[in-house]
Amino acid sequence: FDHNTWSMVSAEAPPSGRSSLVAEVYGNSLFVFGGYNGTIVLNDFYEFRFEPVTIPPSSLVDDMMKLMNNPVYSDVVFLVEGKQVHATRAQLAARSEPFRAMFY
């Protein structure tokens, strides 16, 4: 995932081309079952094992919180009880139809 490139999966006897198959990723494997190759309905099963990959925990919530009330990124300022509250138009529009109509 770090390289953002596709590579060929090596297989001793790869499955034939097919449609209507069932495929599932579980753990570090891709399982492929059955399908249709244009002539016959297939009833075979393959497992492709991948190199283990560590996926870091999501930081989306923390990243979004950095936009909250942040004058560096804000393009809208509200005056609430005499205090400035900073916001972004995109976040307001995503959460509120009236703001979406107003800004976009």
Side-chain angles (χ1 to χ4, degrees):
F1 288 113
D2 292 336
H3 303 286
N4 296 321
T5 59
W6 288 94
S7 60
M8 182 71 90
V9 175
S10 62
E12 292 176 15
S16 61
R18 61 190 67 205
S19 64
S20 305
L21 57 100
V22 175
E24 180 71 30
V25 174
Y26 180 77
N28 291 324
S29 295
L30 169 67
F31 297 96
V32 177
F33 175 73
Y36 179 69
N37 70 1
T39 306
I40 60 171
V41 174
L42 302 165
N43 191 23
D44 51 2
F45 182 80
Y46 291 89
E47 177 184 4
F48 298 98
R49 293 191 178 171
F50 303 119
E51 295 289 325
V53 175
T54 303
I55 299 174
S58 174
S59 64
L60 179 63
V61 172
D62 291 334
D63 294 341
M64 290 289 128
M65 290 300 292
K66 291 174 187 172
L67 296 174
M68 301 293 292
N69 202 22
N70 187 331
V72 173
Y73 301 119
S74 72
D75 50 13
V76 176
V77 179
F78 295 98
L79 191 58
V80 179
E81 296 180 356
K83 295 182 181 177
Q84 289 187 346
V85 177
H86 299 271
T88 65
R89 293 183 312 152
Q91 286 181 310
L92 293 169
R95 300 283 299 155
S96 168
E97 185 62 40
F99 281 125
R100 188 174 310 126
M102 184 185 315
F103 296 137
Y104 298 98

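This chain uses plain numbering: 1 for the first residue, then up along the sequence.
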Acceptor/donor pairs from residues 61-72 side chains to any protein atom, 3.5 angstrom cut, sequence neighbours excluded:
unit_1 : atom_1 : unit_2 : atom_2 : d
Asp63  : OD2    : Ser59  : OG     : 3.1
Asn69  : OD1    : His86  : N      : 2.8
Asn70  : OD1    : Val72  : N      : 2.9
Asn70  : ND2    : Lys66  : O      : 2.9

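- At a threshold of 4.5 Å between non-hydrogen side-chain atoms, the residues Pro15 and Phe33 do not count as touching.
- The same ILVMFWY cluster, assembled from side-chain heavy atoms under 4.5 Å apart, contains both Leu21 and Leu30.
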Could you walk me through whether Tyr26 and Phe31 pass the side-chain contact (heavy atoms from CB on, under 4.5 Å) check?
CA-CA 8 Å; Tyr26 180 77; Phe31 297 96; 3.8 Å; yes
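- Interatomic distance, CZ of Arg49 versus CG of Asn28, reported as 9.5 Å (0.5 Å rounding).
- Under the side chain to side chain donor-acceptor pair (under 3.5 Å) criterion, Gln84 pairs with no residue at all, not counting sequence neighbours.
- Both Val32 and Val25 belong to a common hydrophobic cluster when Ile, Leu, Val, Met, Phe, Trp and Tyr are linked at side-chain heavy-atom distances under 4.5 angstrom.
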Test log, rule side-chain contact (heavy atoms from CB on, under 4.5 Å), inputs Val77 and Leu79:
CA-CA 7 Å; Val77 179; Leu79 191 58; over 6 Å; no
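- Qualifying side chain to side chain donor-acceptor pair (under 3.5 Å) partners for Glu81, counting only residues two or more places apart in sequence or in other chains: none.
- Judged as a side chain to side chain donor-acceptor pair (under 3.5 Å), and not counting sequence neighbours, the contacts of Asp44 are Arg18.
- How far OG of Ser29 is from CZ of Phe50: 7.5 Å, rounded to the nearest 0.5 Å.
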Hey, mind stepping through Ser16 and Leu42 against side-chain contact (heavy atoms from CB on, under 4.5 Å) and telling me if it holds?
CA-CA 10 Å; Ser16 61; Leu42 302 165; 3.9 Å; yes
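- Val76 belongs to a hydrophobic cluster whose other members, connected by ILVMFWY side-chain contacts under 4.5 Å either directly or through intermediates, are Phe78, Val80, Val85, Leu92, Phe99, Met102, Phe103, Tyr104.
- When atom types are taken as modelled, the side chain of Asn43 and the backbone of Gly34 share no donor-acceptor pair closer than 3.5 angstrom.
- In the hydrophobic clustering, Val41 connects to Tyr36, either directly or through intervening members, whenever side-chain heavy atoms lie under 4.5 Å apart.
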